[in-house]
Amino acid sequence: MTAINIYHFMPDKLNLYGDIGNIIALSKRAKWRGIDVDVTDVKETAGLKLSDADILFIGGGSDREQAIATKELFKIKDEFKAAIEDGVPALTICGGYQFLGEKYVTPDGHELKGLNILDFYTESKTDRLTGNIVIESETFGQIVGFENHGGRTYHDYDTLGHVISGFGNNDTDKKEGIHYKNLLGTYLHGPILPKNHEITDYLLKAACERKNIEFRPLNDNTIEENAKKVIIDRLLSDK
């Protein structure tokens, strides 16, 4: 059987936020559909063929670890950008999201160069935006998660949705994440995919469509939907 190939970038460095849970969610929901999954841990990019990847995943890390990982990713910057433009599905979390942009400005004004895959930037402040979050999304319905970031990200691309509880990209515009073609970037971790099966299935479906693999719906998402409802009801009842 043809397998879905997931490239998990720098899991030894970008692993602060339970990011392996996102890989587990992708693998489980694929296997429940009878779809094989191969996960490649990408710790260095020399000789890497992105043409072999069906889903790209970058997690979050500290500023130091993220800078090290970004330096390695610079070696395949053009190939990575071409894959995104070609519609390869990708999920990037927190620092992995921030460094897809032009730059990341530290609280002391130091600029860290981003991959410049897309035209946006992030400014970091000493006070952090922290807590549970609920988002209304035209694509995914209601999204829940947890955020903890000093960075404020600014862009004019489509987003995951409108924040109804929490902060999101920054503390002004009430938007969260980025949605460009099949690339999703977000500050939600903890991780995001086990809490939001709609996003997991979006990534899997996009990968299957590109590879001509049948993608069938799962008949019962009761557990996932009930768990999300508990989170939403609790958060919104406090507003």
For I192 against N22, the heavy-atom pair lying closest together: N-OD1, 3.3 Å
field: Interatomic distance, I231 atom CD1 to I133 atom CD1 [nearest 0.5 angstrom]
entry: 12.5 Å
- request: State, yes or no, whether a side-chain contact exists between T122 and Y97 at a heavy-atom distance under 4.5 Å.
  value: no
query: Of L188, D19, I58, which meets side-chain contact (heavy atoms from CB on, under 4.5 Å) against I93?
result: D19
field: Euclidean distance, L183 CG relative to I84 CD1, rounded to 0.5 Å
entry: 4.5 Å
- prompt: Does E72 offer a backbone N or O that forms a donor-acceptor pair with the side chain of E44 under 3.5 Å?
  reply: no
- prompt: Is a side-chain donor or acceptor of T200 paired with a backbone partner of L193 at a separation under 3.5 angstrom?
  reply: yes
- prompt: Taking C-beta and beyond as the side chain, do V88 and L50 meet within less than 4.5 Å on heavy atoms?
  reply: no
query: Would you say T40's side chain and V42's backbone share a donor-acceptor pair under 3.5 angstrom?
result: no
query: With clusters built from Ile, Leu, Val, Met, Phe, Trp and Tyr whose side-chain heavy atoms come within less than 4.5 Å, directly or transitively, what are the remaining members of the cluster of L218, listed by chain and number?
result: W32
task: Please check if L115 and I178 belong to a single hydrophobic cluster, counting links between Ile, Leu, Val, Met, Phe, Trp and Tyr side chain heavy atoms closer than 4.5 Å.
output: yes
- request: Spell out, yes or no, whether L184 and F215 are grouped together once hydrophobic residues are joined by side-chain heavy atoms under 4.5 Å, including indirect joins.
  value: yes
message: Does any part of the side chain of T186, heavy atoms only, come nearer than 4.5 Å to the side chain of L91, both counted from C-beta?
response: yes
query: Do V163 and K174 come within less than 4.5 Å of each other through their side chains, counting heavy atoms only?
result: yes
task: Rounded to the nearest 0.5 Å, what's the gap from OH on Y180 to CD on E85? Could you check?
output: 3.0 Å
message: Counting C-beta onward and ignoring hydrogens, is there a side-chain heavy-atom pair between L100 and L118 closer than 4.5 Å?
response: no
Side chains of residues 7-15: which donor-acceptor partners sit under 3.5 Å, not counting sequence neighbours?
unit_1, atom_1, unit_2, atom_2, d
Y7, OH, K49, O, 3.2
N15, ND2, P11, O, 3.2

N116 side chain vs G101 backbone, donor-acceptor pair below 3.5 Å: no
statement: Closest non-hydrogen contact found for Y157 with H155 is N-ND1, 3.0 Å
- prompt: Do I199 and I4 share a hydrophobic cluster (ILVMFWY, side-chain heavy atoms under 4.5 Å, transitive)?
  reply: yes
query: Under 4.5 Å between any side-chain heavy atoms of T153 and Y187, yes or no?
result: yes
message: Taking NZ in K181 as the centre, count heavy atoms belonging to other residues, nucleotides or ligands within less than 6.0 Å. Is the count above 12?
response: yes
- prompt: Can R152 and D127 be counted as an ion pair, charged N to O under 4.0 angstrom?
  reply: yes
List, one per line, each side-chain donor-acceptor pair under 3.5 Å for residues 141-150, sequence neighbours excluded.
unit_1, atom_1, unit_2, atom_2, d
Q142, NE2, E136, OE2, 2.9
E147, OE1, H149, NE2, 2.9
E147, OE1, G168, N, 3.0
E147, OE2, F167, N, 2.7
N148, OD1, R128, NE, 2.7
N148, OD1, T130, OG1, 3.2
H149, ND1, G151, O, 2.9
H149, NE2, G168, O, 3.2

message: Distance check, rounded to the nearest 0.5 Å: L235 atom CG versus N132 atom CG?
response: 5.0 Å
query: So how far is it from E176 CD to D173 CG, rounded to the nearest 0.5 Å?
result: 10.0 Å
message: Are H189 and L16 packed together at the side-chain level, in the sense that at least one heavy-atom pair is separated by less than 4.5 angstrom?
response: no
- request: Just say parallel, tilted or perpendicular for the rings of F140 and Y202, cut-offs at 30° and 60°.
  value: perpendicular
statement: d(K103 NZ, H110 NE2) to nearest 0.5 Å is 12.5 Å
Throw together a table of side-chain donor-acceptor distances under 3.5 angstrom for residues 203-213, partners on residues two or more places apart or in other chains.
unit_1, atom_1, unit_2, atom_2, d
R210, NH1, D86, O, 2.7
R210, NH2, D86, OD2, 3.1
K211, NZ, A3, O, 2.7
K211, NZ, D54, OD2, 2.8

query: Do you know which two heavy atoms are closest between G21 and P194, and how far apart they sit?
result: O-CG, 3.6 Å
Kindly list each side-chain donor-acceptor pair under 3.5 angstrom involving residues 23-31, sequence neighbours excluded, with atom names and distances?
unit_1, atom_1, unit_2, atom_2, d
S27, OG, I23, O, 2.9
R29, NE, D201, OD1, 2.8
R29, NH1, N221, OD1, 3.3
R29, NH1, E224, OE2, 3.3
R29, NH2, D201, OD2, 2.9
R29, NH2, N221, OD1, 2.9

field: Cluster check Y104, I68: I/L/V/M/F/W/Y, side chain < 4.5 angstrom
entry: no
- prompt: Does any N or O in the side chain of K175 come within less than 3.5 Å of the main-chain N or O of L160, such that one atom is a donor and the other an acceptor?
  reply: no
query: For the residue pair K195 and K228, what are the closest heavy atoms and their distance?
result: O-CE, 3.2 Å
message: Hydrophobic cluster membership, with links at side-chain heavy-atom distances under 4.5 Å among I/L/V/M/F/W/Y: are L112 and I117 in one?
response: no
query: Of all residues at least two apart in sequence or in a different chain, which pass the salt bridge (Lys or Arg N to Asp or Glu O under 4.0 Å) check with E65?
result: none
message: Could you report the tightest heavy-atom contact between G114 and F74, atom names first, then the distance?
response: O-CZ, 3.1 Å
Heavy-atom closest contact (I6 atom, V37 atom, distance): CD1-CG1, 3.6 Å
query: So does D52 have more than 12 non-hydrogen atoms from other groups sitting under 6.0 Å from CG?
result: yes
